[in-house]
Structures are given as structure tokens and as C-alpha cells.
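To start, the structure itself, in C-alpha cells.
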Amino acid sequence: MAEELVLVTGAAGFIGSNLVVRLLEEGHRVVAVDDLSTGRLANLSLARAPHLTGRLQFDHIDVTSDAFDALVARMRPNVIFHLAAQVDVRVSVDRPLEDARLNVLGTIHVLEAARRHGVRRVVYAASIAGYGDPPAEQLPIDEQVTTPPLSPYGVSKRAAGDYVLAYGATHDMEGVVLTLANVYGPHQSTSGEGGVVAIFAGRMLEGAPCTIFGDGEQTRDFVFVDDVVDAFVRAGSVPEAAGERMLIGTGVATTVDQLYAECAAATGYDLPPVRGPERAGEVRHSVVDASRARTVLGWQPWTGVADGVRATIAWAEESARG
Ligand SMILES: NC(=O)c1ccc[n+]([C@@H]2O[C@H](COP(=O)([O-])OP(=O)(O)OC[C@H]3O[C@@H](n4cnc5c(N)ncnc54)[C@H](O)[C@@H]3O)[C@@H](O)[C@H]2O)c1
């Protein structure tokens, strides 16, 4: 991606903060927006490293506010990476209005600002939750799968992605949707979607017991955050990505028991898991076919779960030391 002015929403969150650092390292100027509702400024400490300073601006702003529109009008970024969201599935079930207000209306706010102020491209972070629980014969999930989402979160993320593509089709701007599998890595908190790695890492490092809900044979496609960030950077610049919805995952189904074993090996933890009841509404198996992203973006994941878990735990150990 040639040097550009880019804006990242949700920039102090898990994926957003990793993306900001990568964009700065590639020489871009970055406007980082976050209302710090769940994000932490500490996540941006790497982005403030001496060799990166001068190209990062942080704005403590809610994307649904008039201040956000004014910021886009003033800065006129070339690309907006829209990651700010309500990311907790359980919150979406308990408070669906709150979820839709940010995930759907908030995304329309961002798109309106982009359209009004000449932003070339909006890249949106959608979720595998938007594909519900497809039958075994439809796995791995590709972009043609049409099973309905199981949660209000899945619905809101899916709808917001549809809005991004509709704006691209009807206005002088480009929309790109990356649908992410279960992302994990440094800066992840223990809530949110792929949080199980962060939960296991945190508890194992403390020597505390860890609970696996259900039989542990449920599978997920765990994709390391560096690989996800690489997909975003490509999605910001590859011309052919305009109008595309692409799944981002490894194609490898990992059981929760396997993940537990990887985390235990990386932390030297030797307690067996506590077995809890299966959680209602949980998807049984989830794995992604990312061929479309490979074709369009030239993207592929290069981090296996063992390496990714080791890197995540090394980060967790370092941050626990302060
Ligand atoms: N983590 C995953 O496994 C995963 C999987 C699929 C999709 N996603 C999507 O990726 C994006 C980033 O997720 P994450 O895991 O980094 O979550 P996160 O909670 O760490 O990051 C979201 C950020 O958005 C900020 N935010 C929330 N409301 C805001 C508002 N009104 N204005 C400005 N900022 C606001 C929060 O403070 C937080 O920093 C989300 O859109 C999420 O739906 C994540």
C-alpha cells in the first residue's frame, strides 16, 4: 500500500491496535479513533515508539457522534478501517438495541462520513458469527453459505457488512468486507469473540483452574492477529478488493481440547480442565475457507496455532510483569 492517510476506528482495541502499529511501520499516517469503552490506550504504547512518532494522531471520539463526522471532514483520510463495535455476543442477546445501535447505526455513521468527505475506501471487520451454524456438509464455510446468524451480534455484523457493500455499489466509494474467524493474539482481552486463548493464557499463568464448557470437541478456526492485520493492510490497497466480501481464517479446525493442550504446553501448566455444561446457542463446528482472500488479496495465514499461542503467552507474561 503506497503511503496514505488512513483512519482506524476501534484503534485502542485488540485487533485495531495491532493494525495501527503495522500501518505506521509501513509508513502511513494514522488517525486512531476510539471511545475507550473497552479499548485501552496502553494497547497503543508500541505505536508511540520513537521511530513511529509524528505519524500517529489519537482521537478519543465515539464513532456515532458529530465529532466523528467533523474529524473525517477535517482529516479527509484515504481509507477508513472500521473496527469499532460492540463485540460481546452475550451483550447482544441481553441488550440487542445497544448492539444494533453501535454495530449497525454506528457503521452507517461511518459510511455517511466517508461518503460525504471523499474517503476512497472503507474496509469493514465482519464476523464469522454472521454465518450461523451451517450443517457439516457446508464446512468449511465460504462466502456462499447462507445459514442465518444465531445471535443478534451475528445479525448486526452481517447487516453492517451488507451496508458497506451497498454504499460501495451506490456511491463514489469502495467497500470491502473481511469476515474474520476467531482471532487471537497480543492485546486481546478475556471478553469478546476469540477470547478463549486470552482466558486460558491468563488463568494458566496464574496457576488457576480453567473451565471447558461442553465436551471440548467443538472446533474453531483460530487465526493469529498478525495474519489478520496483514489481510486488512492488503484490503486497504488491492484495487480488485473493491466490492468484495472475503473470509479470513486458517482453514484448520482446532478443538477446544487441543487449544487447551497448546496453551498448557506453552505455559508449563499441568492441571486438567474443569468440565462445565455445554453453553446454549454455541456453534458446534466452525472452520473457514479463505480461498477468495487468497485469490483477491494474495493473502494467506502463516502462523500455526502452536506458534501463535506461544507468541500470545509470551506477550501475556511480559504484560503481567508490567
Ligand atoms: N476478536 C475476534 O475474534 C473477532 C472476530 C470477528 C470479528 N471481529 C470484529 O473485529 C473488530 C475488532 O474486534 P476486537 O476483538 O479487536 O474488539 P475490541 O473490543 O478489542 O475492539 C473494539 C474497539 O472499539 C472501541 N469502540 C467501541 N464502541 C466505540 C464507539 N462508539 N466509538 C469508538 N470506538 C468504539 C472499543 O473501545 C474497542 O477499543 C470488531 O468489529 C469485531 O466485531 C473480531
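Both backbone and side-chain heavy atoms feed into the values below; hydrogens, waters and symmetry mates do not. Counting convention: from 1, in listed order, for ligands and their atoms alike. Since this is a predicted model, take the numbers as computed values, not measurements.
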*Could you tell me whether A129 approaches ligand 1 through its side chain, its backbone, both or neither, with non-hydrogen atoms closer than 4.0 Å?*
neither

*Report yes if the distance between the aromatic ring centroids of H187 and F14 is under 6.0 Å, otherwise no.*
no

*Out of T38, L19, V89, L44, whose heavy atom is nearest to atom 38 (C) of ligand 1?*
T38

*D34 to ligand 1: N or O pair under 3.5 Å?*
yes

*Mark the output for A12 as yes if a heavy-atom distance to ligand 1 is under 4.0 Å, and as no if none is.*
yes

*Could a heavy atom of I61 be found less than 4.0 Å from some atom of ligand 1?*
yes

*Is it the case that R158 places NZ or CZ above or below the six-membered ring of Y131, under 6.0 angstrom from the centre and within 45 degrees of the axis?*
yes

*Answer with side chain, backbone, both or neither: which part of D35 has a heavy atom less than 4.0 angstrom from an atom of ligand 1?*
both

*Please say whether G13 places an N or O atom under 3.5 Å from an N or O atom belonging to ligand 1.*
yes

*Just heavy atoms, cut-off under 4.0 Å: does F232 contact ligand 1 by side chain, backbone, both, or neither?*
neither

*Out of curiosity, is A181 lining ligand 1, as in a heavy atom under 4.0 Å away?*
yes

*Relative to ligand 1, is S189 under 4.0 angstrom through side chain, backbone, both or neither, heavy atoms considered?*
neither

*List in chain and number order the residues that pass ring-ring contact (aromatic ring centres under 6.0 Å, His included) with F200, two or more places apart in sequence or in another chain; answer none if no residue qualifies.*
Y260

*asked:* With a heavy-atom distance limit of 4.0 Å, tell me whether R40 approaches ligand 1 through its side chain, its backbone, both, or neither.
replied: neither

_For the backbone of T255 and the side chain of Q258, can you confirm whether one donor and one acceptor N or O come within less than 3.5 Å of each other?_
yes

*Closest non-hydrogen atom pair, R234 against G298*: NH1-O, 3.0 Å

*Quick one: list whatever passes side-chain hydrogen bond (donor to acceptor under 3.5 Å, both in side chains) with D133, sequence neighbours left out.*
none

_Residue-ligand contact Y184/ligand 1, heavy atom below 4.0 Å_ = no

*Answer with yes or no whether V33 contacts ligand 1, where contact means a heavy atom under 4.0 Å from a ligand atom.*
no

_So that I can tick it off, tell me whether D172 and R115 are bridged by a salt bridge, with the cut-off set at under 4.0 angstrom between side-chain N and carboxylate O._
no

*When R292 is tested against each of E143, Q144, E244 for side-chain hydrogen bond (donor to acceptor under 3.5 Å, both in side chains), which residue passes?*
E244

*Dump the intermediate steps for side chain to side chain donor-acceptor pair (under 3.5 Å) on D88 and Q86, then the final yes or no.*
CA-CA 6 Å; D88 191 322; Q86 188 302 109; over 6 Å; no

*Treat each ILVMFWY residue as a node, draw an edge where side-chain heavy atoms are under 4.5 Å apart, and state whether L150 and F213 are in one component.*
no

*asked:* Does only the side chain of T64 get under 4.0 Å from ligand 1, or the backbone, or both, or neither? Count heavy atoms.
replied: neither

*Could you tell me whether some N/O pair between V63 and ligand 1 is separated by less than 3.5 angstrom?*
yes

*Residue part near ligand 1, for T179, under 4.0 Å between non-hydrogen atoms*: neither

*Would you say T9 contacts ligand 1, with heavy atoms under 4.0 Å as the rule?*
no

*Applying side chain to side chain donor-acceptor pair (under 3.5 Å), run through N103 and S156 and close with a yes or a no.*
CA-CA 6 Å; N103 290 359; S156 67; 3.2 Å; yes

*Look at ligand 1 and say whether S65 reaches it with a heavy atom at a distance under 4.0 Å.*
no

